[in-house]
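In what follows, chains carry the letters A, B, and so on, assigned in the order in which the sequence lines appear, proteins first and then strands, with residues in each chain numbered from 1.
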Amino acid sequence: MRETAQAADLLSWYDVHARQMPWRTGPAERAAGARPNPYHVWLSEVMLQQTTVAAVREYFTRFTALWPTVGDLAAEEDARVMGEWAGLGYYARARNLLKCARVVVSDHDGTFPDTREALLKLPGIGPYTAAAIASIAFDRPEVVVDGNVERVMARLHDVHTPLPAAKPELTALAATLTPEDRPGDYAQAVMDLGATICTPRNPACGICPWRAPCAARAAGTAPELPKKTPKKPKPTRQGVAYLALREDGAWLLETRPDKGLLGGMLGWPGSGWAEEVPPHEPPLEADWRDPGGEALHTFTHFHLRLSVRVARVPMGANPRAGAFLPAATFRPSDLPTVMRKAFDLARGAFVDME
DNA sequence: AAACCGGGGTG
DNA sequence: CACCCAGGTTT
């Protein structure tokens, strides 16, 4: 019963302080008993994997404007969706997003399953996302544990075990607090608390609805929790990208293999990336120029220093790699960030060559 | 169990 | 610049 009262305290806070987000139903609609659109909940949760709310907002708005239903998304061409996802990162999410949409249409008549167990079978939906959708969209009392919830639980119970080893313990603690009443709002409330009050640094304990029961607050250890096991340093890799501009304005680009880094995305042909620039040939014979400078980019587990070569090529050019994309269909915004940085570097060089 | 996947924000 | 944040899939 004590736990139920704690959840109720948080829900009272949430009723006043819930963050407004495009994928959430407003307070008035919620009061009228409206449930969130499962398609919106799914799309936002996939976008929010490893990604901040600020970054997701505009992508979510664009996606739902372009594809109002999961059926619309399922019917779209892969390249179109990958292009709209460009810049959001972790591109396997976009490939799984499309797979999932098509399974929902083909196997579930265009309607999302409403249980954690069934959601878990869909591509791109793991333990966290399955629980989040079941809870938020269908108000089921699932235990939803993301990085915010881990931090809140570690502090609430003053857990000093470092992550990721502490994960099972923190999940068990979260389970004891999940209420039968309004579990969907409760799940969002804990995550909002972690995002706005119980922040990684400088937590605002003074205005926290859970300051009374918080063990770390009492012990003065809140700012240093959760503990984490140190991670390995990132190595630096180098490479060269070739940007060929044909007389008619077409650019030489390649679609990267589905597997691996930047899978399924557009990119410039070039060397591989390694500690030293790997031996390689340009994608075609041309008067390649080095404009100088490097595109600097950091991936999940390495830093990249990418230099560029630029050339203007004639209409008959026959590339060994990639294909020319007409100027009318090439949108720099379709490129992942590292490729857009290379483009920005080369663009100045082409202006100088005129 | 460990490795593989981006990008943006902050100090 | 260094550091911080954050799930799913694959091997």
Student: Taking only the side-chain heavy atoms of A/R151 (C-beta and beyond), determine which of C/dG8, C/dC5, B/dG7 contains the nearest atom.
Tutor: C/dC5
Student: Specify the separation, in whole Å, of atom NZ of A/K234 and atom C1' of B/dC5.
Tutor: 11 Å
Student: May I ask whether A/Y186 and A/L193 are part of the same hydrophobic cluster, defined by side-chain heavy atoms of I, L, V, M, F, W, Y residues being less than 4.5 angstrom apart, directly or through others?
Tutor: yes
Student: For the pair made of CG in A/L163 and P in C/dC4, what is the distance, rounded to whole Å?
Tutor: 13 Å
Student: Suppose we call a contact any N or O donor and acceptor under 3.5 Å apart; does that hold for the side chain of A/Q50 and the base of C/dG7?
Tutor: yes
Student: Give the rounded distance in Å between these two atoms: CH2 of A/W85 and P of B/dG8.
Tutor: 14 Å
Student: For the side chain of A/H301, counting heavy atoms from C-beta on, which of B/dC5, C/dG7, B/dG7 is nearest?
Tutor: B/dC5
Student: Base, sugar-phosphate, or nothing: which does A/T52 touch, judged by heavy atoms less than 4.0 Å apart?
Tutor: nothing
Student: Which of these passes ring-ring contact (aromatic ring centres under 6.0 Å, His included) with A/W23: A/Y59, A/F63, A/F60?
Tutor: A/F60
Student: Choosing from C/dC5, C/dG7, C/dT9, which nucleotide comes nearest the side chain of A/K228?
Tutor: C/dC5
Student: Which comes earlier along DNA chain C counting from the 5' end, the contact point of A/G124 or that of A/N148, where each point is its nearest nucleotide?
Tutor: A/N148
Student: Using a strict threshold of under 4.0 Å (side-chain N to carboxylate O), is an ion pair present between A/D192 and A/R24?
Tutor: yes
Student: Would you say A/T51 places a side-chain N or O within less than 4.0 Å of OP1 or OP2 belonging to B/dG7?
Tutor: no
Student: Would you say the ring centers of A/H297 and A/F299 fall short of 6.0 Å from each other?
Tutor: yes
Student: In whole angstrom, give the distance that lies between atom CG of A/L261 and atom P of C/dT10.
Tutor: 16 Å
Student: Closer to the 5' end of DNA chain B via nearest nucleotide, is it A/A92 or A/N202?
Tutor: A/A92
Student: Please pick, from B/dG7, C/dC5, C/dG8, the nucleotide with the shortest atom-to-atom distance to any side-chain atom of A/P127.
Tutor: C/dG8
Student: Would you call A/R62 and A/E58 a salt bridge, taking side-chain N to carboxylate O under 4.0 Å as the test?
Tutor: no
Student: I want to confirm an ordering. Mapping A/L296 and A/Y90 to their closest nucleotides on DNA chain C, which one lands closer to the 5' end?
Tutor: A/L296
Student: In whole angstrom, what separates A/L306's CG from B/dG7's P?
Tutor: 13 Å
Student: For the pair made of NZ in A/K99 and P in C/dG8, what is the distance, rounded to whole Å?
Tutor: 15 Å
Student: How far does the P atom of C/dC5 sit from the matching atom of B/dC5, given to the nearest Å?
Tutor: 23 Å
Student: With DNA chain B as reference, determine whether A/R201 or A/L88 sits nearer its 5' end, using the nearest nucleotide of each.
Tutor: A/L88
Student: Assign A/G263 to base, sugar-phosphate, or nothing according to its heavy-atom contacts below 4.0 angstrom with the strands shown.
Tutor: nothing
Student: Looking at A/R93 and A/E45, is there a salt bridge between them, counting it only when a charged N and a carboxylate O are closer than 4.0 Å?
Tutor: no
Student: Nearest-Å distance, CG (A/L48) to C1' (B/dG7)?
Tutor: 14 Å
Student: A/E224 has an atom CD; how far is it from atom C1' of C/dC4, in whole Å?
Tutor: 17 Å
Student: Counting only side-chain nitrogens and oxygens, does A/T129 get under 4.0 Å of the OP1 or OP2 atom of C/dG8?
Tutor: yes
